[in-house]
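What follows is a single structure, written as structure tokens, with notes after it.
Counting starts at 1 for both ligands and their atoms, in listed order.
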Amino acid sequence: MKLGVIGSPIEHSKSPEIHTNFANQFDLDLVFDKYLVNKDECLEWIKSFFESGGLGLSVTLPLKEVVLEIADDISLRAKQAAAANMLFLNNGKIYADCTDGLGLVTDLKTKEIDISDQKILILGAGGAAKGIVPSLLKENPNQVIVANRTLEKAVQLVAQIQELGGSQMKSSILMPSSLTLDNLENTSFDLVINATSASTSPDQNLEVDPSIFKGTAAALDLYYSQADTSFMKMAKEQSVAKVYDGWGMLVEQAAESFSQWTGFKPDTKGLLESRGA
Ligand code: ATR
């Protein structure tokens, strides 16, 4: 079974070790490599990967949007995210799916962090935010506010998701805001999720006011790293009880992709514990 992960940069990717752990649980003979693939060569590269016996690919930055162009079938959740994090050759056709949102929801449930009836603040309105918001909305939150430095992008993201999602994405639940949250002064959030790219480079400062954590029970950065991100540090300084990085989500989105490729549902417990999640 030939699988892999593509993106640029790719050296840091933990996908090979995660999928090898899963394969070992079922004694599967599986090859999972990481490949440095750039945007301009990506579609040709994917075509030849599948022509030469490849079964599935994980897709990471900056290829998550462009890979949709080569897909024969696109799942609803990938359409809603306008991005895919996995490709799968099924009956000769390339299927694109986005398992990030489900990965996050599974991780939150494992960590016993409630979504249903909760007020949730999402920071950022780029690809990462788009990938998770539809899945969170399915869990019946009380409210999801998408706050972004550039307000216009938050407005656009909310409109796009509402357009594709129908009545489930009611505007009373999903609302855009600027990062300064000026219009939400008296709102406190049960859960705050950092979906900005600020954590990806150490010299970037996340431009939010620590008061967003007033009354917050849990904070999660979608980014995974050995050290606390500035978002995580801020949340801890504000006494948020549960603060996590994106390791759990990474493992759970991988588990969902693996199940689709192989038909085997892996146990994620060992990997989650190995990072103290
Ligand atoms: P990704 O695919 O990782 O989401 P992206 O589509 O480039 O990447 O989006 C990055 C997001 O992080 C954007 O919402 C961006 O805000 P702007 O739309 O205002 O650019 C946000 N972001 C990046 N750096 C940030 C920072 N230092 N403070 C706050 N928001 C930041």
Practice task
Have a look at Q156, R149, E152, K64 and point out the one with the heavy atom closest to atom 20 (O) of ligand 1.
Solution key: R149

Practice task
Could you verify whether a donor N or O on one side chain and an acceptor N or O on the other, from N85 and D100, lie under 3.5 Å apart?
Solution key: yes

Exercise for the section: Mark yes or no: K265 above the aromatic ring of F26, with NZ or CZ under 6.0 Å from the six-membered ring centre and no more than 45 degrees from the axis. Expected result: no

Problem - Minimum non-hydrogen distance to atom 22 (N) of ligand 1, winning option of L179, L123, V146, T196 - result: T196

Practice task
Drop me the distance from Q118's CD to E139's CD, to the nearest 0.5 angstrom.
Solution key: 12.0 Å

Problem - Reported CD-to-CD1 distance for the pair E69 and I46, which is rounded to 0.5 angstrom - result: 10.0 Å

Handout entry: Proximity winner for atom 12 (O) of ligand 1, if only heavy atoms of S197, S230, G124 are counted
Key = S197

Problem - Shortest protein contact, atom 2 (O) of ligand 1 (heavy atom only) - result: G127 N, 3.5 Å

Handout entry: Any N or O of A128 closer than 3.5 Å to N or O of ligand 1
Key = yes

Problem - Heavy-atom nearest neighbour in the protein, as seen from atom 24 (N) of ligand 1, with distance rounded to 0.1 Å - result: Q204 OE1, 3.2 Å

Fill in the blank from the handout: Numbered in order shown, the ligand 1 atoms found under 4.0 Å of a heavy atom of A125 are 14 (O)

Practice task
Looking only at protein heavy atoms, identify the closest one to atom 9 (O) of ligand 1 and say how far it is in Å.
Solution key: G126 CA, 3.4 Å

Handout entry: Any donor-acceptor pair under 3.5 Å from D114 side chain to S116 backbone
Key = no

Problem - Protein non-hydrogen atom below 4.0 angstrom of atom 7 (O) of ligand 1 present - result: no

Handout entry: Nearest option to atom 15 (C) of ligand 1, as decided by whichever heavy atom of N148, V208, L206 sits closest
Key = N148

Exercise for the section: For atom 19 (O) of ligand 1, find the nearest protein heavy atom and state the residue, atom name and distance (0.1 Å precision). Expected result: T150 OG1, 2.5 Å

Handout entry: Test item: side-chain donor near acceptor, T180 and D209, under 3.5 Å
Key = no

Exercise for the section: Of the side chain and backbone of K153, name the one, both, or neither that has a heavy atom under 4.0 Å from an atom of ligand 1. Expected result: side chain

Practice task
Compute the shortest N/O to N/O distance between A129 and ligand 1 and return yes if it is under 3.5 Å, no if not.
Solution key: no

Problem - Distance flag, aromatic centroids of F231 and F213, threshold under 6.0 Å - result: yes

Practice task
Report yes or no: is the cationic atom of K111 (NZ for Lys, CZ for Arg) under 6.0 Å from the centre of the six-membered ring of Y244, at an angle within 45° of the ring normal?
Solution key: yes

Handout entry: Residue part near ligand 1, for N205, under 4.0 Å between non-hydrogen atoms
Key = backbone

Completion exercise
Residues at least two apart in sequence or cross-chain that pass side-chain contact (heavy atoms from CB on, under 4.5 Å) with E256, listed by chain then number, are R77, T99, L102, Q260

Practice task
List the closest protein heavy-atom neighbour of atom 28 (N) of ligand 1: residue, atom name, distance to the nearest 0.1 Å.
Solution key: E207 N, 3.4 Å

Handout entry: Heavy-atom closest pair, residues Q238 and P210
Key = NE2-CB, 3.5 Å

